[in-house]
Amino acid sequence: MKAPIATCRTILVVGGGISGMTAAIEAAECAQEVILVERSPTLGGRTALLYRYFPKMCHPGCGLEINLRRLQGNRNVRVLTMTEVVRIEGKRGAYTATLKIRPRYVNENCNACGECASAVSDEIPNPYKYGHGKTKAAYLPFALAYPQRYVLDPSLIGTEDADKAQAACNVGAIDLTMQEQTVELAVGAVVWATGWKPYDAAKIQPYGYGRFPNVITSVEFERLADPNGPTGGKLLRPSDGREAKNIAFIQCAGSRDENHLRHCSRICCMATLKHTQYVREAHGDAAKSTGYYIDIRAIDRFEDFYQMVQKDATVTFVKSKVASIEQAENGDPVLYGVDTEGYHRYASAYDLVVLAIGMEPEANGIALPDDVITDSSGFIEGSADGGMLGAGSAASPLDVNRSVQSATGAALRAIKVIHQTVAEEA
Ligand SMILES: Cc1cc2nc3c(=O)[nH]c(=O)nc-3n(C[C@H](O)[C@H](O)[C@H](O)COP(=O)(O)OP(=O)(O)OC[C@H]3O[C@@H](n4cnc5c(N)ncnc54)[C@H](O)[C@@H]3O)c2cc1C
């Protein structure tokens, strides 16, 4: 692959979730050259892994599709998937970014016909289902993936299956000789839109995540409820495949806790309120959702959504920080704690427990340039010289709407950096 042409007037956007896509499009639509790099094989980020959006309960595909159409129609933006930033050197208006591009083993000829996937038998844990379910090792990440191009998992290379995939492709799209590449780019400003990751629930030892199969996280629950998820949208519990009708949701799992994440992740309350409606959708009046909470943080017009859920007879709220979870012999998780309104102890059994897990900055796991400043939780504030900016949930735990606003602001500030540099040079 040829290195993309970039200059000090180019904006580099790192991360192709809803925030990175937004920053790239907004800048490109202002006639700015943009390179958008995404680590995974597709754009969309974690938004693409949600079943529905609060507060309107529409499918995330709607918002993503609009952005994809804008991206595809704009010649100022160049998208590089399977690409990571290795290093950034220089200063505001004159950075050199070193990128590492991993091989996809599938070239631009791919028409997403799926013949390669049919030809191979090897399977891998599905990276788009939070470890639940498997996918063929030649796969399209999901229906709305962009680019609409299959990817071969590196474990296939050198196996008979790789040759079968190549033989099955009628358009010469499989290229087993592809190698990792390193390219250097000159860019004027950098927008970090690297997003968030779910806090590791296994670290909250008393809740038994990883030990008790019927204790899952909120992000896993999103996939469970989705017809494109591992259970075809049925709320089946992992231990025995039984339908889960009586479900407990634990708020602030890992958030607002000195031992875990100190910050409030802001969206977890709304995610749980939304999840109770997934249970209602699945089971109607037979559904039973119980939310254990410290306090419910439903800001702005989200309050309407909260009030709507409060009126739902299938939903009960218990003001309590759950102390611990044990597993009964039949696999039911049993919650122990004290209800701080009635001050009585409870030991309550459920079919399934969902931990409303906190949002941790993804940047906590990557090497950022030295001059990038982060807050005490690791969210990106930007660089001291103003040439690098944080956007969306990389900068703060935000819902989609606020991520888009943050990314639009970051795009504007990046454009300003470029224009100031050009003016200084003149
Ligand atoms: C359980 C749950 C339910 C939610 N439900 C809703 C909802 O209903 N409505 C709502 O508005 N919000 C919801 N949210 C919040 C929503 O998921 C976020 O607002 C959204 O994902 C933020 O998008 P983003 O682009 O900032 O980050 P992300 O979605 O995390 O995207 C970041 C992208 O950057 C890429 N990346 C990361 N590191 C690198 C790197 N080093 N190099 C290149 N690329 C990189 C990642 O692969 C990813 O594609 C929910 C959150 C949770 C936890």
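When reading the values below, keep in mind they use all heavy atoms of this one structure, side chains included, and skip hydrogens, waters and symmetry mates. One-based numbering, in listed order, for ligands and for the atoms of each. The residues of the chain are indexed from 1 along the displayed sequence.
Checking only distances, Val400 does come within under 3.5 Å of ligand 1, N or O to N or O. Annotation: Ala271 places no N or O atom under 3.5 Å from an N or O atom of ligand 1; distance criterion only. Every N/O-N/O distance between Ser40 and ligand 1 stays at or above 3.5 Å. Geometrically, ligand 1 and His275 share no nitrogen or oxygen pair separated by less than 3.5 Å. An N or O contact shorter than 3.5 Å is missing between Ser218 and ligand 1 by distance. In terms of polar-atom proximity, Glu222 is not counted as a contact of ligand 1, lacking any N or O under 3.5 Å from an N or O of the ligand.
Protein heavy atom in closest approach to atom 5 (N) of ligand 1: Lys274 NZ, 2.9 Å. Looking only at heavy atoms of the protein, atom 52 (C) of ligand 1 is closest to Ile267 CD1, 3.4 Å. Atom 18 (C) of ligand 1 has as its closest protein heavy atom Leu398 O, 3.5 Å. With hydrogens left out, the protein atom closest to atom 31 (O) of ligand 1 is Gly17 CA, 3.5 Å, a heavy atom. Considering only non-hydrogen protein atoms, atom 30 (O) of ligand 1 sits nearest to Trp196 N, 3.2 Å. Of the protein's non-hydrogen atoms, the one nearest atom 34 (O) of ligand 1 is Gly15 CA, 3.3 Å. Of the protein's non-hydrogen atoms, Arg46 N, 2.8 Å is the one closest to atom 29 (O) of ligand 1. Looking from atom 27 (O) of ligand 1 to the surrounding protein, the closest heavy atom is Ser393 OG, 3.1 Å.
Here Arg237 pairs with Asp332 in a salt bridge; the nearest charged N to carboxylate O distance falls below 4.0 Å. Looking at Glu222 and Arg46, no side-chain N of the basic residue comes within less than 4.0 Å of a carboxylate O on the acidic one, giving no salt bridge. Electrostatic pairing of Asp295 and Arg256 counts as a salt bridge here, judged by a charged N lying under 4.0 Å from a carboxylate O. Salt-bridge annotation for Glu33 and Arg78: absent, with no side-chain N of the basic residue lying under 4.0 Å from a carboxylate O of the acidic one.
Between Tyr292 and Tyr346, the ring planes lie tilted relative to each other; the angle falls in the 30° to 60° range.
Proximity to Gly45 (heavy-atom distance under 4.0 Å) selects the following atoms of ligand 1: 29 (O), 31 (O), 48 (C), 49 (O). Heavy-atom proximity to Val14, at under 4.0 Å, picks out these atoms of ligand 1: 42 (N), 43 (C). Every atom of ligand 1 is numbered from 1 in the order shown, and the set under 4.0 Å from a heavy atom of Glu362 is 37 (C), 38 (N). Close approach of ligand 1 to Arg52 (heavy-atom distance below 4.0 Å) involves ligand atoms 8 (O). Under a 4.0 Å criterion applied to the non-hydrogen atoms of Gly16, ligand 1 contributes the atoms 33 (C), 34 (O). In summary, the atoms of ligand 1 found under 4.0 Å from a heavy atom of Gly195, numbered by their order in the structure, are 27 (O), 28 (P), 30 (O), 32 (C).
Counting only heavy atoms from C-beta outward, the side chains of Leu152 and Val120 never approach each other to under 4.5 Å. Between Glu243 and His283, the closest side-chain pair of non-hydrogen atoms falls below 4.5 Å.
At a heavy-atom cutoff of 4.0 Å, ligand 1 is contacted by the backbone of Ala193 but not by its side chain. If you look at Ser403 next to ligand 1, the close heavy atoms, those under 4.0 Å, all belong to the side chain. Contacts of Thr47 with ligand 1, taken as heavy-atom pairs under 4.0 Å, involve both backbone and side chain. Looking at Thr83 against ligand 1, only its backbone comes within 4.0 Å, counting heavy atoms.
Counting heavy atoms of neighbouring residues, nucleotides and ligands inside a 6.0 Å radius, atom CD of Glu180 exceeds 12 of them. Atom CZ of Arg211 has more than 12 neighbouring heavy atoms from other residues, nucleotides or ligands inside a 6.0 Å radius.
The closest donor-acceptor contact from the side chain of Arg102 to the backbone of Arg39 lies under 3.5 Å. No donor-acceptor pair closer than 3.5 Å links the side chain of Thr96 to the backbone N or O of Glu89. Remark: side-chain polar atoms of Ser320 are paired, donor with acceptor, to backbone N or O of Val338 under 3.5 angstrom. Listed for the Ser406 side chain is no donor-acceptor partner under 3.5 Å among the backbone atoms of Arg402. Of the possible polar contacts, one joining the Asp351 side chain to the Asn246 backbone as a donor-acceptor pair under 3.5 Å is found.
Around atom 13 (C) of ligand 1, the closest heavy atom drawn from Trp192, Tyr199, Phe54 belongs to Phe54. Counting heavy atoms only, Leu50 comes closest to atom 4 (C) of ligand 1 of the residues Val86, Val37, Leu50.
Within the structure, the closest approach of Arg402 to ligand 1 does not fall below 4.0 Å when heavy atoms are considered.
In terms of the side chain to side chain donor-acceptor pair (under 3.5 Å) criterion, residue partners of Asp385 (sequence neighbours excluded) are, by chain and number, Tyr95, Ser383.
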Residues 138-149, side-chain donor-acceptor partners within the protein, below 3.5 Å, at least two apart:
residue : atom : partner : partner atom : Å
Gln148  : NE2  : Ala143  : O            : 2.7
Gln148  : NE2  : Ala145  : O            : 2.9

